[in-house]
Amino acid sequence: MLAWYRAKLNEHGFIAATVLLARVALARIRATLANKLLSARVECPCCGWEGRRFYDYIEAGFVASAVECPRCNSHPRHRAFAVWLRREYLVGSKRGAALIFAPERALEPVWESAAGLKVLKTDIEPSRGVDLLADIQRLPFATNSFDIIWCQHVLQEIPDDRAAIGEMRRVMKEDGDLIVSAARGQVAHTREFGEAEKHPLGFLRIYGDDFAERLAAGGLEVRAAAHGLSEDERARYGIGSGEGFFVCTKRAPS
């Protein structure tokens, strides 16, 4: 929490950061009391935590209620993907090399369970405990290197997302998979902000219904996918309606 507060001081200044800290602390106290005093009705498939209520996710100008796991900090998309990776994608049976962009702690148990995969975690910053620092727009890997590429909620923060898509296609093997999602709005066309501070979460863009077309323009065969969760599972894991994502393969040059 202290590291988070220091980051908010740099972003917002003392008064705004302290107000934000107080809001987060009060919300967590309420959730913690509920989890101690009331019977469990939600659980996290990432880490196995069970309780009454997930934490609220609170940022300046943005609040999402009951979304964050108190133990592993997973959010709904992490929990949905944890189920999908194990049950639908059968990640435990996969073999080869996997490239994970901006690795998230909540999904570490899933990747660790895939004994046949050599997982390489990468980011442009060292704060995520990565194996290698790399820029997704200019990857330091040979062509056709990876069997699986995992890119979740990264592209909305990349200055040149088309270069990033092209690079992921280049380093993916001919029979490999790129599993990708990004921040999307209920709009037809991607909205570019031009600079990160114009969006409360620091995004450079919000994708629209044209996201699949943007991926296809980068030389990918694009298939829309869903997590395949039942209503009971969504309620138990705190996932709501869930969000779609894409499984892409490498389209041969025409």
Side-chain angles (χ1 to χ4, degrees), residues 1-14 16-17 20-21 24 46-47 55 57-62 64 67-69 71-79 81-82 85 97-112 117-142 145-146 148-172 178-184 190 192-207 211 218 245:
M1 182 66 78
L2 182 59
W4 174 88
Y5 178 59
R6 286 173 177 165
K8 298 309 168 186
L9 283 173
N10 292 332
E11 291 176 25
H12 307 298
F14 175 77
L20 186 61
L21 176 63
V24 171
C46 297
C47 69
Y55 284 160
Y57 179 74
I58 303 174
E59 285 286 351
F62 179 83
V67 296
E68 187 169 275
C69 174
R71 180 184 294 167
C72 72
N73 304 120
S74 70
H75 283 202
R77 64 184 177 86
H78 304 127
R79 296 191 287 273
F81 271 124
L85 279 165
L99 178 62
I100 313 298
F101 288 103
E104 293 163 304
R105 183 169 70 93
L107 291 176
E108 283 183 4
V110 178
W111 297 115
E112 289 172 356
L117 282 178
K118 182 179 180 181
V119 175
L120 180 68
K121 299 179 289 184
T122 185
D123 198 353
I124 200 169
E125 297 180 352
S127 58
R128 294 178 183 265
V130 297
D131 301 307
L132 178 72
L133 296 179
D135 183 350
I136 192 174
Q137 301 164 110
R138 292 173 292 276
L139 292 172
F141 307 117
S145 292
F146 295 97
I148 297 171
I149 298 179
W150 182 261
C151 182
Q152 307 303 325
H153 281 236
V154 172
L155 292 175
Q156 70 268 8
E157 301 180 27
I158 302 303
D160 189 347
D161 63 328
R162 290 182 171 85
I165 292 166
E167 278 291 86
M168 288 191 289
R169 181 196 179 279
R170 180 183 67 80
V171 302
M172 181 169 58
L178 164 62
I179 305 163
V180 60
S181 68
R184 294 162 65 187
T190 295
E192 299 279 356
F193 298 116
E195 50 186 334
E197 57 264 30
K198 290 188 176 182
H199 189 276
L201 295 180
F203 298 161
L204 292 170
R205 66 187 60 81
I206 289 288
Y207 291 99
F211 184 39
F245 60 101

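If you're wondering where the values come from, they're calculated on a predicted model, not measured in any experiment. Position 1 is the first residue of the sequence, and the numbers go up from there.
From I124, atom CD1 reaches atom CG of D135 across 4.0 Å, with rounding to the nearest 0.5 Å. Within the model, atoms CG of D161 and OH of Y207 stand 3.5 Å from one another, a figure rounded to the nearest 0.5 Å. Residue S145 holds its OG atom at 12.0 Å from CE of M172, rounded to the nearest 0.5 Å. Note that the CD atom of E108 and the NE2 atom of H78 stand 11.5 Å from one another [nearest 0.5 Å]. Note that CD1 of I100 and CG of L107 are 9.0 Å apart. Values are rounded to the nearest 0.5 Å. Put simply, CH2 on W150 and OG on S181 are 7.5 Å apart, with the number rounded to the nearest 0.5 Å.
Between C72 and C46, the closest heavy-atom pair is SG-CB, 4.0 Å. Nearest approach of M168 to I149, heavy atoms of both residues: O-CD1, 3.3 Å. Closest approach of E68 and N73 over heavy atoms only: OE2-ND2, 3.6 Å. Residues L117 and A97 share a closest heavy-atom pair of CD2-N, 4.4 Å. Closest of all the heavy-atom pairs between F193 and F203 is CD1-O, 3.5 Å. The two residues I165 and G218 come nearest to each other via the heavy atoms CG2-CA, 4.0 Å.
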Under the side chain to side chain contact (heavy atoms under 4.5 Å, CB included) criterion, do L85 and W111 qualify, and how do the steps go? CA-CA 9 Å; L85 279 165; W111 297 115; 4.3 Å; yes
Could you go through the side chain to side chain contact (heavy atoms under 4.5 Å, CB included) check for I158 and F101 one step at a time? CA-CA 12 Å; I158 302 303; F101 288 103; over 6 Å; no
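With sequence neighbours excluded, the residues satisfying side-chain hydrogen bond (donor to acceptor under 3.5 Å, both in side chains) with E192 are R205, R214. Remark: R77 engages E104, Q152, H153, E243 in a side chain to side chain contact (heavy atoms under 4.5 Å, CB included) (not counting sequence neighbours). Under the salt bridge (Lys or Arg N to Asp or Glu O under 4.0 Å) criterion, E167 pairs with R170, sequence neighbours left out. For the side-chain hydrogen bond (donor to acceptor under 3.5 Å, both in side chains) test, no residue two or more places apart in sequence or in another chain qualifies with D160. Take A16 and apply the side chain to side chain contact (heavy atoms under 4.5 Å, CB included) test, not counting sequence neighbours, and it matches H12. Under the ring pair (Phe, Tyr, Trp, His ring centres under 6.0 Å) criterion, F141 pairs with F146, not counting sequence neighbours.
Looking at heavy atoms from C-beta onward, C151 lies in side-chain contact with I136 at the 4.5 angstrom threshold.
No side-chain donor-acceptor contact under 3.5 Å links R138 to the backbone of A163. One N or O on the side chain of T122 and one on the backbone of L132 form a donor-acceptor pair closer than 3.5 Å. Counting only distance, with no hydrogens or angles, the side chain of R184 and the backbone of F211 share no donor-acceptor pair below 3.5 Å.
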